[in-house]
Amino acid sequence: MTEQTHGSCAGCGITIQITDAKKPGYAPESALGRKVVICQRCYRIKHYNEVAPVGMGDDDFLKILDGIGSTQALVVMVVDIFDFQGSWLKGLPRFVGKNPILLVGNKVDLLPKNINLNRVRNWMQHEAKERGLRPEDVVLISAQKGLHIDELLNRIGELRKGRDVYIVGVTNVGKSTMINRILHDYGAAELEITTSPFPGTTLDKIEIPLEDGRSIFDTPGIINRDQIGHMVSPTDLRKITPTSRINSKVYQLDDGQSLFLGGLARIDFVRGERQPLIVYADNDLYIHRTKLEKADEVMEKHHGTLLVPPTGEEAAKALPPFVKHTFKINKSTTTTDIVISGLGWVSIQGKHEASVVVHAPKGVSVGMRKGLI
């Protein structure tokens with residue numbers, strides 16, 4: 001039977017069809033009479049928080065983004081401030097051509113209190129430049145809380161100069177939440193886009209018309225395989241995804257001590273004078289300190305039980321094998337962060353030299369950067 005199509009899903013952008021409930025884009029015929037039509041998958045995500053994976057590969061995402069370079073548009077790249085490294089969209093200049101870029105740092109509400117936001121903005125400019133990107137400006141927002149949305153809209157208005165706007169980013173940076181906030185605040189809440197913490201929620205470009213005949217396009221998030229979130233279950237993903245302000249945890253470590261971040265990473269303070277390691281991760285993440293000489297034994301005995309997430313021995317076995325990343329911290333006047341993509345970071349003040357080894361599942365990006373805080 002030939003599939004009939006009936007416009008696009010207002011939630012994820014996919015073409016609506018009513019003939020095959022097992023294929024993406026399905027909606028029952030009774031739903032077609034509604035003012036705003038969403039597919040069955042979006043309905044289940046929205047009302048039951050169900051996860052329905054779809055067969056969309058990286059090539060599908062890239063195909064959608066590939067056309068941006070041939071248009072005249074403002075490109076708004078959204079990153080997750082809490083997971084800047086893991087949410088960086090690699091190769092963006094390849095997609096955008098000569099179009100100007102506005103860099104938006106979302107989830108500013110997760111950062112610890114009393115942080116200097118101007119310093120965060122300057123830090124993001126520096127990190128962007130290090131990655132070969134020179135944005136026109138940096139705006140910090142919280143899509144969830146509605147913070148600084150007016151400032152964002154003003155900058156978009158100033159920079160787009162009558163052109164279309166493309167919102168781009170990797171999965172789970174809050175692009176669709178940001179657009180929903182804009183729609184809600186400006187009286188078009190019935191167009192709400194489907195959001196969830198799971199990869200691949202938006203499946204095609206979603207077009208939102210502007211008053212001057214141009215449009216804002218929400219594009220699907222590209223999956224960044226470097227993030228640890230793609231290696232854990234949906235339940236465990238919720239446990240490592242912060243939803244409230246991060247409270248840093250300070251551990252005074254001697255050399256020969258280790259910290260477990262749940263059962264997803266281990267940090268060995270191999271050598272150096274006693275000093276604080278400050279952990280920035282989800283407030284409920286279990287952190288366990290032990291002697292380095294006992295760390296392997298603790299991991300073998302308690303991975304998936306005491307050291308969670310991953311929750312359960314089967315989930316622990318399903319993780320890729322852990323690999324080592326070795327870092328030398330030089331004596332410095334500035335702070336150094338060691339970042340585990342999708343999990344958080346550990347900050348070292350740099351008053352003394354130190355040798356640190358991080359163990360994380362193979363494929364997870366682990367790196368060192370200039371301190372954010």
Side-chain angles (χ1 to χ4, degrees), residues 80 82-88 127 130 224-232 236-237 239-242 246 248-282 285-300 302-304 306-310 316 319-332 334-373:
D80 177 347
F82 183 74
D83 186 22
F84 186 89
Q85 183 167 322
S87 64
W88 188 258
E127 290 294 310
E130 290 284 299
N224 184 353
R225 307 285 175 189
D226 294 348
Q227 290 175 306
I228 207 164
H230 300 298
M231 301 179 183
V232 299
D236 282 341
L237 178 59
K239 291 177 183 174
I240 62 173
T241 304
I246 296 300
S248 59
K249 299 181 180 74
V250 182
Y251 295 85
Q252 294 286 345
L253 290 194
D254 295 309
D255 60 357
Q257 289 190 307
S258 297
L259 280 182
F260 282 97
L261 306 187
L264 295 174
R266 176 179 125 201
I267 298 159
D268 297 338
F269 188 56
V270 179
R271 191 171 56 257
E273 289 190 39
R274 178 180 170 84
Q275 60 183 291
L277 269 67
I278 307 167
V279 178
Y280 296 90
D282 187 272
L285 182 68
Y286 175 66
I287 299 175
H288 180 76
R289 176 165 40 184
T290 190
K291 290 182 178 177
L292 175 53
E293 62 195 43
K294 290 185 176 178
D296 287 341
E297 182 187 335
V298 170
M299 180 73 165
E300 192 174 335
H302 298 294
H303 198 205
L306 172 71
L307 302 175
V308 293
L319 280 179
F322 279 48
V323 294
K324 294 181 183 180
H325 306 263
T326 303
F327 300 97
K328 184 183 178 186
I329 311 298
N330 294 317
K331 192 173 179 180
S332 170
T334 58
T335 303
T336 297
D337 293 339
I338 295 177
V339 184
I340 302 158
S341 183
L343 188 60
W345 72 90
V346 176
S347 188
I348 304 174
Q349 290 180 342
K351 290 180 180 176
H352 309 284
E353 287 191 357
S355 178
V356 176
V357 173
V358 178
H359 304 250
K362 187 176 182 180
V364 173
S365 172
V366 178
M368 198 162 64
R369 71 182 185 197
K370 180 182 174 185
L372 169 59
I373 298 170

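H230 places no side-chain N or O within donor-acceptor distance of the main-chain N or O of R225, the cut-off being under 3.5 Å. Side chain of T335 to backbone of G371: no donor-acceptor contact under 3.5 angstrom is found.
Ring geometry for F82 versus W345: interplanar angle of 30 to 60°, hence tilted. The aromatic rings of W88 and F84 are tilted relative to each other, their planes meeting at an angle between 30° and 60°.
The pair D296-R266 meets the salt-bridge criterion, since a charged nitrogen lies less than 4.0 angstrom from a carboxylate oxygen. With salt bridges taken as basic N to acidic carboxylate O contacts below 4.0 Å, one links R369 and D337.
For Q227 and D83, the side-chain atoms include at least one donor-acceptor pair closer than 3.5 Å. Donor-acceptor pairing under 3.5 Å is lacking for the side chains of T290 and Q257.
Remark: E300 CD is loosely packed, at most 12 non-hydrogen atoms of other residues, nucleotides or ligands lying under 6.0 Å away. Annotation for R274: atom CZ counts as buried by contact number, over 12 foreign heavy atoms lying within 6.0 Å.
In terms of heavy-atom proximity, I228 sits nearest to P361 at CD1-CD, 4.0 Å. In this structure, Q275 and G350 approach most closely via the heavy-atom pair OE1-N, 4.3 Å. Between L237 and G229, the shortest heavy-atom contact is CD1-CA, 3.7 Å. Looking at every heavy atom in both residues, D255 comes nearest to V270 through CB-O, 3.4 Å.
Residues forming a side chain to side chain contact (heavy atoms under 4.5 Å, CB included) with S332 (at least two apart in sequence, or on another chain): T334.
Considering CZ of R289 and CZ of F269, their distance stands at 12.0 Å, rounded to 0.5 Å.
When each of V346, V358, L253 is checked for a side chain to side chain contact (heavy atoms under 4.5 Å, CB included) with L259, only L253 meets the rule.
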